[in-house]
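Owing to the predicted nature of the structure, the values given are computational and were not obtained by experimental measurement. Atoms within each ligand, like the ligands themselves, are counted from 1 in listed order.
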Amino acid sequence: MIESVLFKQMPLVLPNGIFEGDLLIRDGKIVAIGPSLSVHAERVIHEPGLTVCPGFIDAHVHFREPGPTHKETIQTGSQAAAAGGITTFFEMPNTNPMTVDQTTLDQKKQIAADTSLVNYAFFIGATRQNLHMLDTITGIPGIKLFAGSSTGDLLLSEPEQWETLFSRTHHRISVHSEDESMIRAKHANRTGHETAAEHPHMRPSEAAIRCTEALSQLAIRHQKHLHICHLTTAEECTYLQQLNSPYVTCEVTPQHLFCNADDYAEWGTYLQINPPIRAARHQAALWSALLSGTIPMIASDHAPHQRDEKDHPYGQAPSGMPIVQLTVPLLLNAMHEGRFELDDVIRWCAQNPSDIYGIANKGRLAVGYDADITLVDLKRTQTVQSKHLLSKSNWSVFEGKKLTGWPIMTIVNGQLVYEDGGCYPNPHSAQPVVFHAVESIG
Ligand code: DOR
Ligand code: ZN
Ligand code: ZN
């Protein structure tokens with residue numbers, strides 16, 4: 001265990017901008033920041049070519065453990081996260097068994113305590129059976145509501161059930177927002193000859209919009225915090241911009257930002273995810289909403305499936321793609337095109353996830369905060385290659401893309417967990433995320 005690290009004369013991305021100076025971490029916390037600190041540290045890092053960022057937070061991943069661990073485990077998922085500069089993840093409840101009570105939640109927390117390289121928290125899934133007891137659960141980012149069905153059996157699709165959920169809980173509710181009846185109607189009319197390119201029509205934009213509007217109204221009526229996961233449509237962006245409610249927040253994934261329906265021709269079922277990657281007009285609207293602040297945060301929806309599973313024909317191939325390792329490089333690369341700055345990336349992937357989910361002491365480089373730190377090389381150019389991907393599902397629709405801007409070193413609670421290509425074996429660095437009590441919004 002290293003007790004203290006001093007970053008010496010390096011660019012630090014502080015909440016009010018980039019500042020060239022020193023940052024000291026001791027016993028897992030940031031203890032001092034200044035132009036030049038005269039202190040002793042066990043390890044001194046002076047790499048002026050690298051930029052010191054707050055560790056990135058991915059508030060939406062699927063790591064498959066317990067359950068189909070041939071796709072991913074908490075350990076391998078956390079390694080891929082660490083290599084992608086992510087120091088904290090929130091994992092979804094559609095595992096096997098599903099995470100729907102204290103026992104299944106504790107089981108995941110124990111696996112993470114034993115094997116995760118980075119900080120962790122787990123959502124609890126809402127089911128017909130557990131609505132009465134969700135508020136007895138603590139230490140969670142929120143409740144995951146599958147309002148439309150996706151991978152696994154978690155589903156709560158009836159408005160009366162939503163009403164019960166919203167009236168019974170004080171937790172944040174994060175939703176997979178697609179109208180189940182509209183998806184079923186499309187499914188009933190399928191010919192069986194569809195290809196992946198039809199996926200956006202099988203799960204149409206109207207299904208997402210209808211569900212997002214209904215749930216947003218419910219959140220406002222009940223004065224509860226609703227977070228819409230993986231936004232995909234131009235109409236939802238317009239709706240949320242006009243709604244402008246403190247009760248409703250949302251996220252977008254890198255794959256919905258960097259891919260569109262034209263990519264089905266090359267990637268077929270590998271591009272198939274729920275809600276679908278849609279036409280270019282939706283992609284453009286997601287970018288505008290992100291840049292204007294209507295979408296305040298990015299989360300990966302890392303949903304690993306093996307290649308042979310994705311090789312099945314459309315209709316049998318599972319939905320979802322691995323991506324947790326590439327969110328930060330994709331954004332850093334896009335930053336070089338000049339549409340946004342490093343500060344924006346940090347707001348979308350560290351500060352805002354922390355603020356929206358009420359995480360204590362993460363998301364910023366500030367004295368007293370946890371020493372979760374990612375060093376990035378903004379100039380390094382590297383091609384995405386499967387052999388560098390640490391997920392068990394080590395393929396990517398971004399394979400072969402040349403990206404400039406990569407995480408080089410990842411530090412979790414003051415411990416080095418990843419350095420230029422490799423993870424440290426079990427550094428016992430990870431901690432469960434601590435959340436502020438849910439406050440009333442107003
Ligand atoms: O494409 C998806 N895959 N969407 C989801 O909602 C679930 C995820 C998975 O777990 O595979
Ligand atoms: Zn989802
Ligand atoms: Zn998901």
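- Annotation for Glu341: atom CD does not count as buried by contact number, only 12 or fewer foreign heavy atoms lying within 6.0 Å.
- Restricting His176 to its N/O/S atoms, the shortest distance to the Zn ion (ligand 2) is reached by ND1.
- Of the residues listed (Asp343, Asp372, Asp355, Asp370), the one engaging Arg364 in a salt bridge (Lys or Arg N to Asp or Glu O under 4.0 Å) is Asp355, and it is the only one.
- When each of His199, His201, His193 is checked for a ring-ring contact (aromatic ring centres under 6.0 Å, His included) with Tyr314, only His199 meets the rule.
- In this structure, His176 and His230 have perpendicular ring planes: the angle between them is above 60°, well past the 30° mark.
- Taking the six-membered ring for Trp and the full ring otherwise, the centers of Phe63 and His302 sit less than 6.0 Å from each other.
- Sorted by chain then number, the residues whose non-hydrogen atoms approach ligand 1 to under 4.0 Å are His62, Arg64, Asn94, Phe146, Ser150, Thr151, His176, Ile273, Asn274, Ala303, His305, Ser319, Gly320.
- No donor-acceptor contact under 3.5 angstrom links the side chains of Thr233 and Tyr239, judged on distance only.
- In summary, no N, O or S atom of His60 is located under 2.8 Å from the Zn ion (ligand 2).
- The Zn ion (ligand 3) has no N, O or S atom of His230 closer than 2.8 Å.
- Using a 4.0 Å cut-off between charged nitrogen and carboxylate oxygen, Arg281 and Glu235 count as a salt-bridge pair.
- The Zn ion (ligand 3) is closest to atom OD1 of Asp301 (considering only N, O or S atoms).
- Under 3.5 Å, the side chains of Glu198 and Thr195 contain a donor-acceptor pair of N or O atoms.
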